[in-house]
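Reading through the structure tokens given below for one structure.
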2 protein chains.
Amino acid sequence: MAAEGKEAPSRLAAETWESLFRAQVAVMRKLQAGKAFKNVAINEYDVLFTLSRCPSGWLRLNELNDHVLLSQSSLSRLVERLEKRGLVVRQPAPDDGRGVLLKLTEEGAALQKEIGREHVRDISSLVVPALTAAEQKELQRLTDKLRNSVGAKPLK
Amino acid sequence: MAAEGKEAPSRLAAETWESLFRAQVAVMRKLQAGKAFKNVAINEYDVLFTLSRCPSGWLRLNELNDHVLLSQSSLSRLVERLEKRGLVVRQPAPDDGRGVLLKLTEEGAALQKEIGREHVRDISSLVVPALTAAEQKELQRLTDKLRNSVGAKPLK
DNA sequence: CAGATGTTCATGCATTTGCATGTATCGAGG
DNA sequence: CCTCGATACATGCAAATGCATGAACATCTG
């Protein structure tokens, strides 16, 4: 073998990321077209979904921000819109005067569940025919590992 | 085993997608922060990159659109901006009076290479410590399989 | 405790995005 | 050839986004 040095590893890494990214684009494109996101943008749903997963029900705005691909100011305004629509409520954080806590309203929780069911159907229709159960588990393991290594913070 | 019916498969699929999506968000967040994207947005770079990979050099706007997560009108304007900056050139498609062909200029190709080098470094620094070479290959295989199944069109 | 520095969230403003629509061209029938 | 529906791209306009900044609070340091 020739003097490949350290070219190969970074090439493999770049190709791996490229594949992951393109798969995400391809799937996301289909999901966005689904009727689940006719009235609620995908970023908005993502916030509702994340809140629905939160054990305590309340989540800090900055923790939410780590989870979502939006700038801080965009998230601030997205949440403002959700509040105006009556889907979430804000509350000043008790232990930190700067912070803001968020929670789903009843209506927000109901809407999340409704869209969620549709969304899961859409996802299944894309993923199930593509990969066996074992492959899905392996893909999940690898992407979780990547995310943890890159430095994702767990939700509280 | 109880009456799990067809809940389990769709649950696994949804969790798999969730993991893939979150990993993408986590990595993308880091990449966007890199200095590679100080002057060129990531979507803009993606267009330059895709053009650089195109064997013939010329690519139809609608083919490009399948590859990128942008609406048709947004892509139209993104390309307009790239043209104004002298990074790409447009040409009416010879075989289809409606179509538009795109090509990198010398300057565009040079900029893509420059940013690309930085970008590959950033990717490596995130992916290499996270996954072994074998894991990266497997992740690439699985995401390619998913993308192909979902219906990605190959570039010409 | 006072001051300096950092963190959290909101807001003004310019840019980017998407939806709806318009224009031009293509392709299939009659 | 002509009409009809479909496709490719551009554009008006409202909405969403990001950057820079500001205000309020937290934390650290001496």
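Computed from heavy atoms alone, side chains included, the values below leave out hydrogens, waters and symmetry copies. The shown structure was predicted, so the numbers you read here are calculated from the model rather than taken from an experiment. Every chain is numbered from 1, with letters handed out A, B, ... down the list of sequences.
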Restricting to side chain to side chain contact (heavy atoms under 4.5 Å, CB included), what partner residues turn up for A:Lys103, sequence neighbours left out? A:Trp58, A:Val89

Atom-to-atom span, CZ of B:Arg81 to C1' of C:dA14 - whole angstrom: 12 Å

Per the under-4.0 Å heavy-atom filter, residues of residues 34-42 of chain A near DNA chain D come out as none

Strictly distance-based, threshold 3.5 Å: is any side-chain N or O of A:Ser149 a donor or acceptor partner for the main-chain N or O of A:Leu146? no

Name every donor-acceptor pair, under 3.5 Å, that has one atom in a side chain of residues 28-44 of chain A and the other anywhere in the protein, sequence neighbours excluded.
from, atom 1, to, atom 2, distance (Å)
A:Arg29, NH2, B:Asn65, O, 3.1
A:Arg29, NH2, B:Val68, O, 2.4
A:Arg29, NH2, B:Leu70, O, 3.1
A:Glu44, OE1, A:Ala41, N, 3.0

For chain B and DNA chain D, what are the first and last nucleotides along the strand, 5' to 3', with at least one atom under 4.0 angstrom from a heavy atom of the protein chain? D:dT7 to D:dC13

Set of side chain to side chain donor-acceptor pair (under 3.5 Å) partners for A:Arg60, sequence neighbours left out: none

How is B:Leu70 classified with respect to the nucleic acid when contacts are heavy atoms under 4.0 Å: base, sugar-phosphate, or nothing? sugar-phosphate

Only distances under 3.5 Å count here; give the side-chain donor-acceptor pairs of residues 71-84 of chain A to other protein atoms, sequence neighbours excluded, each with its distance to 0.1 Å.
from, atom 1, to, atom 2, distance (Å)
A:Ser71, OG, A:Ser73, OG, 3.3
A:Ser71, OG, A:Ser74, N, 3.2
A:Ser71, OG, A:Ser74, OG, 3.0
A:Glu83, OE1, A:Arg90, NH1, 3.3

Return the set of residues passing side chain to side chain contact (heavy atoms under 4.5 Å, CB included) with B:Ser19 (not counting sequence neighbours), or none when no residue passes. A:Gln140, A:Thr143, A:Asp144

Pairing residues for B:Glu15 by the salt bridge (charged side-chain N to carboxylate O under 4.0 Å, His left out) criterion, not counting sequence neighbours: B:Arg11

Do B:Cys54 and B:Leu104 touch side chain to side chain, with heavy atoms closer than 4.5 Å? no

Which dot-bracket string describes DNA chain C (Watson-Crick N1-N3 plus N6-O4 or O6-N4, or G-U N1-O2 and O6-N3, all under 3.5 Å; [ ] crossing; | other strand)? ||||||||||||||||||||||||||||||

Compare all side-chain heavy atoms of B:His67 with those of B:Phe49 and state whether any distance is below 4.5 angstrom. no

Distance-minimising heavy-atom pair for B:Leu131 and B:Gln136: O-NE2, 3.0 Å

Going 5' to 3' along nucleotides 5-12 of chain C, which nucleotides have protein heavy atoms under 4.0 Å from the base (write B), which only from the sugar-phosphate (write S), and which from neither (write -)? -BBSBBBB

Could you state the CG-C1' distance from B:Asp46 to C:dT16, rounded to the nearest angstrom? 16 Å

What side-chain donor-acceptor pairs closer than 3.5 Å can you find for residues 109-119 of chain A, not counting sequence neighbours?
from, atom 1, to, atom 2, distance (Å)
A:Gln112, NE2, A:Tyr45, OH, 3.1
A:Glu118, OE1, A:Arg121, NH2, 3.1

Identify, with sequence neighbours excluded, every residue that meets salt bridge (charged side-chain N to carboxylate O under 4.0 Å, His left out) alongside B:Asp46. A:Arg22

Using atom CG of B:Leu69 as one end and atom C1' of C:dT16 as the other, report the distance to the nearest whole Å. 14 Å

Do any N or O atoms from the side chain of B:Glu135 and from the backbone of B:Thr132 form a donor-acceptor pair under 3.5 angstrom? yes

